[in-house]
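Everything below concerns the one structure shown next.
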Amino acid sequence: MLDNLQIGTYGWSHQDWRGSFYPQDLPEEWELDFYNNAFHVVLVPLDQWIAWQDDEVAECIDAVDENFRFYLQLESELNAEGHKQLGKLKSGLQGLLGGLVVFSESWLPETSIQGVPVSLISKQLRLPGWQLRLGENQLSGHAFGYIDELKQDGKWQASMLQDFMQSLPGDLSGAPFFIGGESINMAQVANLKVVAEVLGY
């Protein structure tokens, strides 16, 4: 459980971040270490985590601090191999696994899978419990934020974050908030982080 708002991104390895977020000469294997210095949550793409081997999981653990959380993207119901991989990651990442984030318009998942809390992004489906409409998406399940088009307007960013934090259940003082989309502008993400800090989140 996070004790405040934690902003992160969809994935941490993006080629267009070279020179704008990552130094040009930073080795690829050091990217997560560098990312961990600025952010403490990340939404891991499905095609990445489903293929992780034990040594890659160990490298991820070594690259982050104990307060970091990995959230795993999911798009459809897991097959037997997918369930096996999730079980391995739940055991391997231990307390660093924050939850599953499901992107779906046809499959309504359970509120937890193998004991891992589930959050849902959908235009038409909803999980019971916490719910919030953010942009075109309905967010539900385990409280989280996600937006794939981050506007530069600071007032808009502040209003969005306030609406999100005010929507959280009373027993939560924080939650992850992910920025996705085809191209993630890290300058805008950094500004969103500053806005959150100014607001006291």
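Keep in mind it's a predicted model, so treat the numbers as computed, not measured. Values reported hereafter were calculated over all heavy atoms of this structure, with side chains retained and with hydrogens, waters and symmetry mates removed.
Centroid-to-centroid, the aromatic rings of F144 and Y71 stay 6.0 Å apart or farther. Taking the six-membered ring wherever Trp is involved, the centroid distance between the rings of F34 and Y22 falls below 6.0 Å.
Scored by the salt bridge (charged side-chain N to carboxylate O under 4.0 Å, His left out) test, K88 finds D54 as partners (sequence neighbours excluded).
Taking the side chain as every heavy atom from C-beta outward, V118 and H142 never approach each other to under 4.5 Å. Inter-residue side-chain proximity for L161 and W156 is flagged as unmet; no heavy-atom pair is nearer than 4.5 Å. The side-chain heavy atoms of V64 and V42, taken from C-beta on, include no pair separated by under 4.5 Å. Here the side chains of I184 and D148 are not in contact, with every heavy-atom distance at 4.5 Å or above. Residues H40 and D65 form a side-chain contact, since some pair of their non-hydrogen atoms from C-beta on lies under 4.5 Å apart. Counting only heavy atoms from C-beta outward, the side chains of Y146 and V101 never approach each other to under 4.5 Å. With a 4.5 Å cut-off on side-chain heavy atoms, F70 and V41 do not count as touching. Side-chain contact between Y35 and F68 is present, with heavy atoms from C-beta onward closer than 4.5 Å.
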Practice task
Take E31 and R18 through the salt bridge (charged side-chain N to carboxylate O under 4.0 Å, His left out) test and state the conclusion after the steps.
Solution key: CA-CA 10 Å; E31 287 182 348; R18 289 272 154 185; 2.7 Å; yes
Practice task
Begin from the C-alpha positions of V102 and I121 and carry the test side-chain contact (heavy atoms from CB on, under 4.5 Å) through to its verdict.
Solution key: CA-CA 6 Å; V102 177; I121 300 175; over 6 Å; no
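Donor-acceptor pairing under 3.5 Å is recorded for the side chains of Y10 and Q73.
Taking the six-membered ring for Trp and thresholds of 30 and 60 degrees, F39 and F21 have ring planes inclined between 30 and 60 degrees apart. In this structure, H14 and W17 have tilted ring planes: the angle between them lies in the 30° to 60° band.
L172 CG to W130 CH2: the interatomic distance, rounded to the nearest 0.5 Å, is 9.5 Å.
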